[in-house]
Engineer: 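Just dropping this structure here.
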Number of protein chains: 2
Amino acid sequence: MNADELRGHMDALLLAVLEHGPLHGYAIIEALRERSGGALDVPTGTVYPALRRLERAGYLASEWAEAGGRRRRTYRLTGEGQAALAGERSAWRSFTAVIGSVLDPSR
Amino acid sequence: MNADELRGHMDALLLAVLEHGPLHGYAIIEALRERSGGALDVPTGTVYPALRRLERAGYLASEWAEAGGRRRRTYRLTGEGQAALAGERSAWRSFTAVIGSVLDPSR
DNA sequence: AAGCTACATGTAGACAGCCTATATATAGAA
DNA sequence: TTCTATATATAGGCTGTCTACATGTAGCTT
């Protein structure tokens, strides 16, 4: 998966993966890898700053937790985040429609 | 249309729009706007450097032409460019499948 | 004649997001 | 003790798209 392609869609991915329940950063990376069948292997240097950015934006809220002697920062979707996710899904649909209209004019 | 979203897909758009015949830069911008129903309005500062980059890569070839007293640089797809376009189409399909698998896990 | 719009190309520099590389730390297995 | 998996974090680099500007022709309006 190309880095440039992912650009602008990272937020949608992170919000979507948190939709069904809170997760910490490391688990988010694993969830993205599993859900995509191994195609998405997002580095920590991408995910952690992005999560903080989304929290600053009010879309996520986080709290520290402890599990097996290791500290985790667990993120959950806020109400604003749910709304943002809906917006991202809508934007994704129109985005694919627009690019598709150029790449596949027949359809 | 967001600038970040377009990132990594510009090449595919330019190659696709040149598939059915040569065009000059200004006409390419108009073609993208028309094909997308007005959603794509790519600035010249994006298109002209991108076309040169694609030519350097061997995917496009260009030559100067004159029409109505104005000079145009007309671009056409090379053989390599056709192959690149096929690759871009394939990449687009897997890209949408991957993002879709996260955004719409049900499908 | 002057001014405006459409046509047509091009570059410099800003911006922003994703990446690599690095640092730190615990737990458990080899 | 060493290696791997788990877990978080930041600094700096890279690069493609954008804004803003520069240049010039043609044709229409005032």
Side-chain angles (χ1 to χ4, degrees), chain A residues 1-15 22-34 36 39-57 59-60 62-75 88 91 95 98-99 102, chain B residues 1-15 22-34 36 39-57 59-60 62-75 88 91 95 98-99 102:
Chain A
M1 182 60 54
N2 189 318
D4 284 322
E5 286 180 330
L6 232 44
R7 183 119 167 202
H9 304 288
M10 201 65 228
D11 292 5
L13 295 177
L14 295 175
L15 295 174
L23 287 174
H24 62 286
Y26 195 86
I28 288 171
I29 292 171
E30 289 185 316
L32 286 175
R33 187 162 39 225
E34 279 159 33
S36 65
L40 279 173
D41 194 7
V42 191
T44 64
T46 295
V47 169
Y48 291 117
L51 289 172
R52 287 171 158 274
R53 183 165 45 77
L54 289 171
E55 185 174 24
R56 258 199 325 275
Y59 300 152
L60 299 180
S62 74
E63 48 187 27
W64 284 104
E66 183 116 358
R70 295 189 192 90
R71 15 172 258 155
R72 297 168 166 179
R73 191 196 280 271
T74 304
Y75 289 89
E88 293 282 0
F95 169 72
V98 166
I99 305 297
V102 176
Chain B
M1 182 59 54
N2 190 317
D4 285 321
E5 286 181 329
L6 233 42
R7 181 117 168 205
H9 304 288
M10 200 66 228
D11 293 5
L13 295 177
L14 295 175
L15 295 174
L23 286 175
H24 62 285
Y26 195 88
I28 288 172
I29 292 171
E30 290 185 316
L32 287 175
R33 187 162 40 225
E34 278 159 33
S36 65
L40 279 174
D41 194 8
V42 192
T44 64
T46 296
V47 170
Y48 291 117
L51 288 171
R52 287 170 158 273
R53 182 166 44 76
L54 290 171
E55 186 174 24
R56 259 201 321 277
Y59 300 151
L60 300 180
S62 74
E63 48 187 27
W64 284 104
E66 182 116 358
R70 296 190 192 89
R71 15 174 256 157
R72 297 169 166 178
R73 192 195 282 272
T74 304
Y75 288 90
E88 291 282 359
F95 170 71
V98 166
I99 305 297
V102 177

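Numbered from 1 within each chain, the chains take letters A, B, ... in sequence-line order. Side chains are part of it too, since the values below use all heavy atoms of this structure and drop only hydrogens, waters and symmetry mates. What you see is a predicted model, and the numbers here were worked out from it, not measured in a lab.
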Engineer: Quick one: side chain to side chain contact (heavy atoms under 4.5 Å, CB included) partners of B/Ala91, sequence neighbours excluded?
Structural biologist: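 B/Ala91 satisfies side chain to side chain contact (heavy atoms under 4.5 Å, CB included) with A/Glu5 once adjacent residues are dropped.
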Engineer: In residues 46-55 of chain A, which ones come under 4.0 Å of DNA chain D, going by heavy atoms?
Structural biologist: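 The answer is A/Tyr48, A/Pro49, A/Arg52.
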Engineer: Partners of B/Arg33 by side chain to side chain contact (heavy atoms under 4.5 Å, CB included), sequence neighbours excluded?
Structural biologist: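 Scan of B/Arg33 (side chain to side chain contact (heavy atoms under 4.5 Å, CB included), adjacent residues dropped) gives B/Ile29, B/Glu30, B/Asp41.
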Engineer: Taking all non-hydrogen atoms of both residues, which atom of A/Ser36 and which atom of B/Val98 are closest, and how far apart?
Structural biologist: CB-CG1, 4.0 Å
Engineer: Only pairs at least two apart or in different chains count here, so list each salt bridge (Lys or Arg N to Asp or Glu O under 4.0 Å) that has a residue in residues 44-56 of chain A.
Structural biologist: A/Asp11-A/Arg53
Engineer: Near DNA chain C, counting only heavy atoms under 4.0 Å, which residues of residues 63-73 of chain B show up?
Structural biologist: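 Result for residues 63-73 of chain B: B/Trp64, B/Arg70, B/Arg71, B/Arg72, B/Arg73, sorted by number.
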Engineer: For A/Arg56 and D/dT10, what is the distance between atoms CZ and P respectively, to the nearest whole Å?
Structural biologist: 10 Å
Engineer: Write down the distance between CZ (A/Arg7) and P (D/dG13), rounded to a whole number of angstrom.
Structural biologist: 17 Å
Engineer: With A/Pro43, which residues qualify under side chain to side chain contact (heavy atoms under 4.5 Å, CB included), at least two apart?
Structural biologist: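 Side chain to side chain contact (heavy atoms under 4.5 Å, CB included) check on A/Pro43 returns A/Thr46.
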Engineer: Measure CD1/B/Ile28 against P/D/dT17 and give the value in whole Å, please.
Structural biologist: 14 Å
Engineer: Which is the 5'-most and which the 3'-most nucleotide of DNA chain C that has an atom under 4.0 Å from a heavy atom of chain B?
Structural biologist: C/dA6 to C/dG17
Engineer: Report the residues that fulfil salt bridge (charged side-chain N to carboxylate O under 4.0 Å, His left out) with A/Arg73, sequence neighbours left out, ordered by chain and then residue number.
Structural biologist: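 A/Arg73: no salt bridge (charged side-chain N to carboxylate O under 4.0 Å, His left out) contacts found.
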Engineer: Listed by chain and number, what are the ring-ring contact (aromatic ring centres under 6.0 Å, His included) partners of B/Tyr48, not counting sequence neighbours?
Structural biologist: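 Counting only residues at least two positions away or on another chain, B/Tyr48 forms no ring-ring contact (aromatic ring centres under 6.0 Å, His included).
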Engineer: Which residues satisfy the ring-ring contact (aromatic ring centres under 6.0 Å, His included) test with A/Tyr26, sequence neighbours excluded?
Structural biologist: none
Engineer: Which residues satisfy the side chain to side chain contact (heavy atoms under 4.5 Å, CB included) test with B/Ala3, sequence neighbours excluded?
Structural biologist: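 Applying side chain to side chain contact (heavy atoms under 4.5 Å, CB included) to B/Ala3 gives none.
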Engineer: Looking for any heavy atom pair under 4.0 Å, which part of the strands does A/Gly45 touch: base, sugar-phosphate only, or nothing?
Structural biologist: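 Contact class for A/Gly45: base.
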Engineer: Counting only heavy atoms from other residues, nucleotides and ligands, does the tally under 6.0 Å from OH of B/Tyr75 exceed 12?
Structural biologist: yes
Engineer: Without decimals, in angstroms, what is the distance between B/His9 NE2 and D/dT17 P?
Structural biologist: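 Interatomic distance, NE2 of B/His9 to P of D/dT17: 10 Å.
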Engineer: Is the shortest heavy-atom distance from the side chain of B/Leu32 to the side chain of B/Met10 under 4.5 Å?
Structural biologist: yes
Engineer: What's the CG-P distance between B/Leu6 and D/dC18, to the nearest Å?
Structural biologist: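 Between P of D/dC18 and CG of B/Leu6: 6 Å.
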